[in-house]
Visitor: 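Below you will find the structure I want to go over with you.
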Amino acid sequence: MGGQINEDELHNLEYLIIPGVNVQTSVQARDVSNSLIKKSFWSAGLHPHEADSFFVVKQDLYKLMQKGDLIGETGLDYYRNLSSRENQIKSLMFHFEIAEALNKPIILHCRDSFSDLFSILNENQFKIPIILHSWTGGNNWTKKFRELGVYFSISGIVTYATAHDIQSAVSKIPLDKLLLETDIPYLAPEPFKGKTNHPTYIMYTAEKLSQLLDISLPELSKITISNTDKMLSGL
């Protein structure tokens, strides 16, 4: 959440999905979503960085999850390990339990935790739409995860000169499982890398992705909007 959204910056977006990463930002996501003229959806969740607080915030989080359009952002982050892996997994499984019970899509964070997340998804075979947020897996992990029928959401990282793994892997993503995202205020695409991200910058991510896939921008837009519509169709 990067503060109040200026709707003048939303002209090239079909709609928004505004996620929460804890109780406070989930409330903010709800309030911002409800205040916008532009069509938007919001989610309630607990980021893996904050999973050590899971048992304290569980009930407040559950109340928000019941009202949100999606569940998350949740997931696993073994790069920073700001919460114990045990609590990250417990929080993640709670999110899945609620998402399944409410039949809502779930947004997953995955950093240096591909093996554990893949095992959890593969063993449980969840029925709800699963979004791999800001996907950074290379060829091998993309091939493995695509067998699970998940959605791969591509952020501004794909535009970075160092992002060879994801640039190589995007062609392995089924076109009917491909999504685009901004992750504002983070992960601004080139030429704005390192600066505050803005909704309109998604055009730079889309341009890079269209080049990598050798399809036109209008066709990519049609594909990703259709996929998002399908992902949200149960709401």
Side-chain angles (χ1 to χ4, degrees), residues 9-19 38-41 70 72-73 75 79 105-115 117-118 121-122 129-233:
E9 298 181 339
L10 307 181
H11 61 86
N12 62 345
L13 300 179
E14 189 79 3
Y15 42 63
L16 293 89
I17 296 176
I18 306 174
K38 172 78 72 172
K39 184 178 181 181
S40 65
F41 303 87
L70 302 91
E73 177 183 346
Y79 176 74
I106 190 168
I107 303 169
L108 299 183
H109 174 105
C110 180
R111 189 170 188 188
D112 286 6
S113 54
F114 297 108
S115 182
L117 185 61
F118 177 82
L121 298 183
N122 190 47
I130 295 170
I131 305 161
L132 299 178
H133 147 70
S134 191
W135 176 248
T136 57
N139 285 310
N140 290 338
W141 282 117
T142 300
K143 290 176 183 177
K144 288 176 71 70
F145 275 89
R146 74 183 181 188
E147 300 304 317
L148 303 177
V150 298
Y151 289 92
F152 297 83
S153 187
I154 306 301
S155 70
I157 290 176
V158 77
T159 68
Y160 301 166
T162 56
H164 305 297
D165 285 351
I166 183 59
Q167 290 171 1
S168 172
V170 292
S171 64
K172 311 301 188 298
I173 298 173
L175 288 180
D176 65 346
K177 296 296 181 181
L178 181 65
L179 304 176
L180 274 173
E181 67 172 270
T182 61
D183 198 36
I184 57 171
Y186 311 111
L187 302 182
E190 294 287 7
F192 304 102
K193 183 180 178 182
K195 300 180 180 180
T196 300
N197 202 355
H198 293 279
T200 53
Y201 293 175
I202 198 168
M203 64 181 287
Y204 297 96
T205 304
E207 286 174 351
K208 181 64 175 182
L209 193 55
S210 71
Q211 293 169 9
L212 291 168
L213 296 176
D214 194 24
I215 58 178
S216 69
L217 271 174
E219 181 64 17
L220 178 64
S221 177
K222 180 180 177 181
I223 288 169
T224 54
I225 290 173
S226 174
N227 291 343
T228 310
D229 285 341
K230 183 174 65 175
M231 182 269 294
L232 296 169
S233 63

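Heads up: numbering here begins at 1 and tracks the sequence. Values below: all heavy atoms of this structure, side chains included; hydrogens, waters and symmetry mates excluded. None of these values were measured; they are calculated from a predicted model.
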Visitor: I need the minimum non-hydrogen distance between S134 and L187, along with the two atoms involved.
Guide: OG-CD1, 3.3 Å
Visitor: Considering residues, nucleotides and ligands other than N12, do more than 12 of their heavy atoms fall under 6.0 Å from its CG?
Guide: yes
Visitor: Please report whether the ring centroid of F152 lies less than 6.0 Å from that of F145.
Guide: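 No: the rings miss the under 6.0 Å criterion.
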Visitor: Report the C-alpha separation of L180 and T228 in whole Å, then their side-chain angles, then the decisive distance to 0.1 Å, and conclude whether the side-chain contact (heavy atoms from CB on, under 4.5 Å) test is met.
Guide: CA-CA 9 Å; L180 274 173; T228 310; over 6 Å; no
Visitor: If I compare all heavy atoms of G137 with all of I166, which pair ends up nearest, and what's the gap?
Guide: O-CD1, 3.9 Å
Visitor: For G156 and T205, which heavy atoms make the closest approach, and how far apart are they?
Guide: CA-OG1, 3.4 Å
Visitor: Just how far is it from atom NZ of K144 to atom CG of L117, taken to the nearest 0.5 Å?
Guide: 12.0 Å
Visitor: Measure the shortest side-chain to side-chain distance between L108 and I131 over non-hydrogen atoms and say whether it is less than 4.5 angstrom.
Guide: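 In short, these two side chains do not touch, never coming nearer than 4.5 Å.
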Visitor: Donor-acceptor pair, distance only, cut-off 3.5 Å: does the side chain of K39 make one with the backbone of E14?
Guide: no
Visitor: Nearest 0.5 Å please: distance from the CD1 atom of I18 over to the CG atom of L16.
Guide: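 These two atoms lie 5.0 Å from each other.
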Visitor: Checking S210 side chain against E207 main chain: does a donor-acceptor pair fall under 3.5 Å?
Guide: yes
Visitor: Taking NZ in K222 as the centre, count heavy atoms belonging to other residues, nucleotides or ligands within less than 6.0 Å. Is the count above 12?
Guide: no
Visitor: Would you mind telling me which of L212, I157, T159 makes a side chain to side chain contact (heavy atoms under 4.5 Å, CB included) with Q167?
Guide: L212
Visitor: Within the side chain of S221, is there an N or O that forms a donor-acceptor pair under 3.5 Å with the backbone of L217?
Guide: no
Visitor: Verify the distance criterion only: is there a donor paired with an acceptor across the side chains of D183 and S155 at less than 3.5 Å?
Guide: no
Visitor: Report yes if the side chains of I184 and P199 come closer than 4.5 Å at any heavy-atom pair, otherwise no.
Guide: yes
Visitor: When you measure from the centre of the six-membered ring of Y15, is the NZ or CZ of K38 under 6.0 Å away and within 45° of the axis?
Guide: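 Ring-cation test returns no.
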Visitor: Which heavy-atom pair separates L70 from M231 by the least distance, and what is that distance?
Guide: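 For L70 and M231, the tightest heavy-atom pair comes out as CD2-SD, 4.1 Å.
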Visitor: Side-chain donor-acceptor pair under 3.5 Å between T142 and W135, yes or no?
Guide: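 Indeed, the side chains of T142 and W135 share at least one donor-acceptor pair under 3.5 Å.
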Visitor: Given L209 and L178, is the side-chain contact (heavy atoms from CB on, under 4.5 Å) satisfied, shown in steps?
Guide: CA-CA 10 Å; L209 193 55; L178 181 65; 4.0 Å; yes
Visitor: Quick check for you: to the nearest 0.5 Å, what is the distance between H133 atom NE2 and L179 atom CG?
Guide: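 With rounding to 0.5 Å, NE2 (H133) is 12.5 Å from CG (L179).
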Visitor: Using every non-hydrogen atom in the two residues, find where S168 and K172 come nearest and quote the distance to one decimal.
Guide: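 Minimum heavy-atom contact is O-NZ, 3.5 Å.
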Visitor: Hey, does T136 have a side-chain heavy atom less than 4.5 Å from the side chain of D165?
Guide: no
Visitor: Where do L175 and I223 come nearest, in terms of heavy atoms and distance?
Guide: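 Looks like O-CG2, 3.2 Å.
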Visitor: Scan I154, V150, L148 and name whichever one has a side chain to side chain contact (heavy atoms under 4.5 Å, CB included) with L132.
Guide: V150
